[in-house]
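These numbers were taken from a predicted model, which means no experiment stands behind them.
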Amino acid sequence: MKQNTYPEHDVADLSLAPLGRRRVDWARNHMPIMRSIIERFEKEQPFAGLTIGICLHVEAKTGVWLEALTKGGAKVVITGSPGSTQDETAAALVEDYGVSVYSRRDESFDDHINYCRKVLSHQPDIIADNGADLHELIFTESEFSHFQSSLLGATEETTTGANRLREDFHADKFSTLIINDTQAKRIIENRFGVGSSVVDGIMRATNVMLHGKKVVVIGYGYCGSGTAQRLRGMGAHVTVVESNPLTLLEAHMEGFYTAKLEDALPDADMVVTITGRDNVLRKEHFELMRDNTIIANAGHFQREINLPDLAAISQSQDKIRPHVTAYQLEDKQLFVLSDANLVNLSAGDGNPIEIMDLGLALQSLSLERIALNRESLQNIPQPVPFDIEMQVAELAVKHWINH
């Protein structure tokens with residue numbers, strides 16, 4: 001329902017709200033799990049009086065999730081990620097649900113971090129994070145250090161964020177439920193959802209044929225394996241590069257070519273990074289690639305691909321399609337998709353709606369657990385409680401199989 005006054009926000013253009021409203025409506029029509037949660041939350045009001053600060057892609061499926069939180073009584077403030085924001089959806093969230101949105105599709109990474117600061121300036125009681133960007137500010141900037149003792153708890157969407165919490169910050173001041181630690185998300189969303197959406201994003205960005213292409217996939221976790229499988233399903237000849245020997249063995253047993261990165265790159269038509277780590281492709285790797293290689297990132301951060309390294313050895317750069325930049329080197333040209341932002345969200349619409357129905361249900365019930373029963377959780381990064389995962393799986397079976 002349209003608001004008469006709007007909360008503080010920074011979006012591209014509020015006049016885009018009608019288009020965003022149609023996007024959210026379309027998504028809601030294909031999200032039966034979230035519709036059932038919205039109905040329950042509206043009656044039970046689990047978030048009454050609470051502010052939830054969020055860092056997650058601002059797009060239509062997220063809009064349905066925010067509908068659940070606001071109808072459940074929460075005040076919500078959100079920022080997205082560079083390159084993935086749907087400006088029309090951002091406008092609709094401000095107008096329809098009174099959400100404070102700080103997100104623009106053309107924002108830089110510095111803009112993004114400043115928007116994260118804006119989110120925390122609203123003094124949230126709970127945070128829902130994506131890549132641990134909100135957590136990083138809480139653990140590294142004195143202005144936000146008070147959240148270490150005041151937050152009721154948090155969620156973290158990604159493996160990248162979970163790695164940062166466990167390895168970089170050793171976060172033990174409040175509970176953070178890691179959505180990506182669940183088998184439901186790893187198998188359903190990461191393997192099937194990400195695999196489909198990465199291929200979709202590459203196809204939309206390039207319009208090239210995948211059949212017969214030699215594609216190197218760097219990283220064979222759940223997202224990487226799903227991407228490799230979908231690319232193979234499109235007829236690509238896929239080589240997997242993976243540092244974990246057990247995971248590399250899995251790729252081998254599933255029928256993929258495997259190789260060291262330096263050996264795989266010279267023969268590749270396309271390279272896809274999907275590791276969640278920084279600087280996976282650097283100067284020495286670009287120098288190994290052949291003319292007209294297409295490079296895409298499907299990992300969380302743009303910095304998986306070291307674009308400053310590539311720019312330093314390039315004579316010129318030219319955006320030749322909306323999501324394709326040509327880097328002219330002395331003896332060849334390389335093509336980078338979506339400025340190394342997440343190709344499935346920047347060049348496409350992200351994971352399929354039904355897949356995100358399940359993933360955002362995990363988020364919703366995890367936030368509810370933090371709001372109503374945080375005493376049952378430890379002050380460390382931890383998996384989503386098993387009963388929540390099973391509840392969401394049962395809802396998926398009910399609505400996807402037995403409907």
Side-chain angles (χ1 to χ4, degrees), residues 53-57 79 81-82 109-110 112-113 116-117 119-120 126-145 147-149 151 153-183 185-186 189-191 194 217-225 227 240-248 250-251 261 273-282 285 297-309 340-342 359 362-363 366 370 377-385:
I54 299 172
C55 175
L56 196 67
H57 304 289
T79 189
S81 292
F109 187 75
D110 287 341
H112 166 65
I113 295 301
C116 287
R117 293 187 178 102
V119 169
L120 292 178
I126 302 171
I127 61 171
D129 210 352
N130 189 45
D133 289 337
L134 295 176
H135 281 81
E136 179 178 12
L137 295 176
I138 289 169
F139 285 107
T140 63
E141 297 193 1
S142 58
E143 179 183 356
F144 304 113
S145 62
F147 286 111
Q148 295 181 33
S149 58
L151 277 181
T155 62
E156 165 56 48
E157 179 76 8
T158 67
T159 298
T160 300
N163 290 339
R164 299 182 75 202
L165 291 175
R166 290 168 172 144
E167 298 169 10
D168 299 340
F169 309 129
H170 305 288
D172 61 357
K173 303 300 183 183
F174 50 83
S175 60
T176 300
L177 299 181
I178 309 298
I179 307 301
N180 229 27
D181 278 355
T182 65
Q183 285 297 98
K185 187 176 189 300
R186 286 173 173 175
E189 183 175 334
N190 294 356
R191 180 166 290 172
V194 173
V217 174
I218 308 172
Y220 199 73
Y222 284 92
C223 293
S225 65
T227 298
V240 170
V241 174
E242 170 59 56
S243 60
N244 183 307
L246 186 58
T247 309
L248 185 67
E250 179 186 5
L261 182 57
T273 62
I274 188 161
T275 71
R277 302 291 184 175
D278 294 350
N279 298 313
V280 174
L281 291 178
R282 304 179 297 279
H285 301 125
N297 174 44
H300 181 73
F301 285 119
Q302 179 190 43
R303 55 182 181 260
E304 286 209 25
I305 299 172
N306 193 319
L307 290 182
D309 271 11
N341 290 309
L342 278 163
L362 287 168
Q363 277 277 10
S366 295
I370 293 167
L377 306 172
Q378 297 177 280
N379 286 342
I380 55 173
Q382 62 205 270
V384 172

>> Please find the pair of heavy atoms, one from L177 and one from P383, that lie closest to each other, and give the distance.
In response: CD2-O, 3.7 Å

> Can you name the closest pair of heavy atoms from G53 and V119 and give their distance?
Replying inline: CA-CG1, 3.7 Å

> Side chains of S145 and E143: donor-acceptor distance under 3.5 Å anywhere?
Replying inline: no

> A298 and L342: which non-hydrogen atoms are nearest, and at how many Å?
Replying inline: O-CD2, 3.2 Å

> Side chains of E189 and L362: does their closest heavy-atom pair fall under 4.5 Å?
Replying inline: no

> Taking the side chain as C-beta and beyond, is there a heavy-atom pair between V384 and I179 under 4.5 Å?
Replying inline: yes

> Would you say E242's side chain and Y220's backbone share a donor-acceptor pair under 3.5 angstrom?
Replying inline: yes

> Would you say the side chain of V240 lies within less than 4.5 Å of the side chain of S225, judging by non-hydrogen atoms?
Replying inline: no

>> Quick one: does any side-chain atom of E156 pair with a main-chain N or O of A132 as donor and acceptor, under 3.5 Å?
In response: yes

> Quick one: does N163's side chain have a donor or acceptor within less than 3.5 Å of a partner on E167's backbone?
Replying inline: no

> Angle class for the H112/F109 ring planes (parallel below 30°, perpendicular above 60°, tilted otherwise)?
Replying inline: tilted

> Which heavy atom in T79 sits nearest to a heavy atom in C116, and how many Å separate them?
Replying inline: CG2-SG, 3.9 Å

> Do I370 and F174 have side-chain heavy atoms sitting under 4.5 Å apart?
Replying inline: no

> Distance from H285 atom NE2 to I218 atom CD1, nearest 0.5 Å?
Replying inline: 7.5 Å

> Regarding N190 and K185, is there a side-chain donor-to-acceptor distance under 3.5 Å anywhere?
Replying inline: yes

> Hey, does L281 have a side-chain heavy atom less than 4.5 Å from the side chain of D309?
Replying inline: no

> Atom CG in L165, atom NE2 in H170: separation rounded to 0.5 Å?
Replying inline: 11.0 Å

> Does a side chain donor of either T275 or E304 reach within less than 3.5 Å of an acceptor in the other side chain?
Replying inline: yes

>> Please give me the minimum heavy-atom distance between L377 and P385, naming the atom from each residue.
In response: CD2-CG, 4.1 Å

> Would E141 and R117 pass as an ion pair if we require N to O under 4.0 Å?
Replying inline: yes

> Under 4.5 Å between any side-chain heavy atoms of I138 and I127, yes or no?
Replying inline: yes

> How long is the span from the CD1 atom in I113 to the CG atom in L137, to the nearest 0.5 Å?
Replying inline: 6.0 Å

> Partners of T155 by side-chain hydrogen bond (donor to acceptor under 3.5 Å, both in side chains), sequence neighbours excluded?
Replying inline: Q363

>> Quick check for you: to the nearest 0.5 Å, what is the distance between T158 atom OG1 and F301 atom CZ?
In response: 7.0 Å

> Could you state the interatomic distance from SG (C55) to CG (N130), rounded to the nearest 0.5 Å?
Replying inline: 5.5 Å

> Taking the side chain as C-beta and beyond, is there a heavy-atom pair between Q183 and Y222 under 4.5 Å?
Replying inline: yes

> What is the minimum heavy-atom distance between G299 and N297, and which atoms define it?
Replying inline: N-OD1, 2.8 Å

>> So does R186 get a backbone contact from the side chain of R191, meaning a donor-acceptor N/O pair under 3.5 Å?
In response: no

> Are any side-chain N or O atoms of D129 and backbone N or O atoms of L134, one a donor and one an acceptor, separated by less than 3.5 Å?
Replying inline: yes

> Taking atom CG of L151 and atom NE2 of H135, what is their separation to the nearest 0.5 Å?
Replying inline: 7.5 Å

